[in-house]
2 protein chains.
Amino acid sequence: MAATLRLVDERGLEHVTVEDISEAADVSPRTFFNYFATKDDALLGGPLPHGPSMHDRLLAVPAGVPLVPAILQAMSADIAEIQGERDLWLTRLRVIKSNPSLLPLLVARGECAEEETVVAVAARTGLSTDDLFPQLAATLTGAAFRTAMMRWATTGDNLYDLVRETFEVLEKGLAPTHEEVTR
Amino acid sequence: MAATLRLVDERGLEHVTVEDISEAADVSPRTFFNYFATKDDALLGGPLPHGPSMHDRLLAVPAGVPLVPAILQAMSADIAEIQGERDLWLTRLRVIKSNPSLLPLLVARGECAEEETVVAVAARTGLSTDDLFPQLAATLTGAAFRTAMMRWATTGDNLYDLVRETFEVLEKGLAPTHEEVTR
DNA sequence: GTCAAAATTGCAGCGGCTGCAAACTTTTAC
DNA sequence: GTAAAAGTTTGCAGCCGCTGCAATTTTGAC
């Protein structure tokens, strides 16, 4: 993973072959594919954070807390983890920005989390997973989170604060002028 | 494109080769790649709707209209076009649902529209394209639109109404219980 | 040291994708 | 009608991503 990130960061995705990577990592190309299904996977596809599932974490938030802050709280562990691997993630996001074909991959990575979010939101609100609202809540929080991350990559602000800002917009509604957001 | 959609719908993405497609379409495989950069592109990568850009359309909406309804109005032409090619899109969405690896592609397709939306929202609100709000507005409306589309693919409801519902949530805020939405 | 389980590797091969140059088709000018 | 120009399709050779399989090497328990 480290070798892949470094090489792609230096030369660009197209100018790095799996052979280059495996040579840099001192393994055979075949071994590379024993660990990563795709060349791209070596950039983002590290093992997903384990810990308790989104579902459990969201239901663990006291019932009185409104939905959006509850989701934020449920995500805080992931946010902390990302901030803990700051340099790794900043490189990843830089690589993604300079190789736009990778962005969908970032989305895909968030997707499994989103599916869990659908179930969790449905459980918390008493709706069915087939209802529009849980699905919408999952995709919107996912999108807001991703936006916050991309912004974090360029501004370097505190990630948690950025996510909180985006979630506030989600909660309050997408209104044209938010003084506290525009800065 | 038609041949690709049909074959992939029948057999699944993995069990259709470019050779199969080009044979079905009565062209050489090489010709296939003269028109589509990728096998996947033949599923979603038709030429993007032309017409006036999102930017122009959004600025054409009277200044008094709040942001979210304005974006909805600016998108209505695209929505109508998608509904006009209902069968094509339903097949596409069915194919995407049964081949999840394609979903990122749908996102990518919407992405260029989102970039335009960033610029347009910035212009309309007087903010910079580097500010958080326009970026957030673009990704959130994009996500809401995609959710509406996926739902449209299964329920068959009117697409415009579905988008309107999701946009209402966006505008009013992501609150736990919306009677009119949960149904 | 022995042996079984696990990790690594080579190899052969498919399929996606590209550059190039040849063949073919259509358009245009006269 | 003809011939040059312009555009389209095609074959070919070849790189690279990726996979199944079987052989080899490494690891670790005893």
Side-chain angles (χ1 to χ4, degrees), chain A residues 1-48 50 91-109 111-112, chain B residues 1-48 50 91-109 111-112:
Chain A
M1 247 182 62
T4 309
L5 259 181
R6 184 175 55 78
L7 289 178
V8 173
D9 194 25
E10 285 170 11
R11 302 190 213 161
L13 186 62
E14 317 288 319
H15 301 105
V16 177
T17 72
V18 171
E19 209 176 343
D20 296 334
I21 299 169
S22 32
E23 190 172 341
D26 249 321
V27 292
S28 79
R30 191 61 187 83
T31 299
F32 177 93
F33 285 112
N34 283 342
Y35 287 86
F36 304 107
T38 303
K39 185 170 71 162
D40 301 352
D41 267 12
L43 291 169
L44 293 179
L48 291 171
H50 24 293
T91 309
R92 276 181 177 166
L93 293 172
R94 181 165 7 107
V95 164
I96 290 174
K97 279 197 179 176
S98 42
N99 301 84
S101 73
L102 292 174
L103 206 150
L105 214 75
L106 184 64
V107 177
R109 188 189 166 99
E111 211 170 298
C112 51
Chain B
M1 247 182 62
T4 309
L5 259 181
R6 185 175 55 77
L7 289 177
V8 173
D9 194 25
E10 286 170 11
R11 302 189 213 161
L13 186 62
E14 317 288 320
H15 301 105
V16 177
T17 73
V18 171
E19 208 176 344
D20 295 335
I21 298 169
S22 33
E23 190 173 342
D26 250 320
V27 292
S28 79
R30 190 62 186 83
T31 299
F32 177 94
F33 286 111
N34 284 341
Y35 288 88
F36 304 106
T38 303
K39 185 170 71 162
D40 300 352
D41 267 13
L43 291 168
L44 293 179
L48 292 171
H50 24 293
T91 309
R92 277 180 177 166
L93 293 172
R94 182 166 6 109
V95 164
I96 290 174
K97 280 197 178 173
S98 42
N99 302 83
S101 73
L102 292 174
L103 205 150
L105 213 74
L106 184 63
V107 176
R109 188 189 166 96
E111 210 170 298
C112 51

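By convention in this document, chain letters (A, B, ...) are assigned in the order of the sequence lines, proteins followed by strands, and residues within each chain are numbered from 1.
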Could you list the donor-acceptor pairs under 3.5 angstrom formed by side chains in residues 96-104 of chain A, with sequence neighbours left out?
from, atom 1, to, atom 2, distance (Å)
A:K97, NZ, A:M150, O, 3.3
A:S98, OG, A:R94, O, 3.0
A:S98, OG, A:V95, O, 3.4

Q) Which of residues 93-108 of chain B sit near DNA chain C, with a heavy atom under 4.0 Å from it? A) none
Q. Does any residue of residues 24-33 of chain B have a heavy atom under 4.0 Å from DNA chain D, and if so, which ones, in number order?
A. B:V27, B:S28, B:R30, B:T31
Q.
Check the phosphate of D:dT8 against B:Y35, side-chain N and O only, distance under 4.0 Å to OP1 or OP2. Yes or no?
A. no
Q | Selection: residues 4-20 of chain A, any non-hydrogen atom under 4.0 Å of DNA chain D | A | A:V16, A:T17, A:V18
Q. Can you name the side-chain hydrogen bond (donor to acceptor under 3.5 Å, both in side chains) partners of A:T31, sequence neighbours left out?
A. A:S28
Q. Can you name the residues that form a salt bridge (charged side-chain N to carboxylate O under 4.0 Å, His left out) with B:R11, not counting sequence neighbours?
A. B:D20
Q) With sequence neighbours left out, what residues match B:D40 under salt bridge (charged side-chain N to carboxylate O under 4.0 Å, His left out)? A) none
Q. Residues two or more places apart in sequence or in another chain: which of them pass salt bridge (charged side-chain N to carboxylate O under 4.0 Å, His left out) with B:E10?
A. B:R6
(Q) If you count heavy atoms of other groups shown closer than 6.0 angstrom to CD of A:E111, is the number above 12? (A) yes
(Q) Tell me the bend of the helix from C:dG1-D:dC30 to C:dC30-D:dG1 as the angle between end helix axes, each from five pairs, rounded to the nearest 10 degrees. (A) 20°
Q: Tell me, please, the opening and closing nucleotides of DNA chain C, 5' to 3', among those with an atom under 4.0 angstrom from a non-hydrogen atom of chain B.
A: C:dG16 to C:dC20
Q | All ring-ring contact (aromatic ring centres under 6.0 Å, His included) counterparts of B:F33, not counting sequence neighbours | A | none
Q | Validation row: A:M1, A:F36 side chains within 4.5 angstrom (heavy atoms) | A | yes
Q: Only counting residues at least two apart or in another chain, list the ones meeting side chain to side chain contact (heavy atoms under 4.5 Å, CB included) with B:E19.
A: B:T17, B:P29
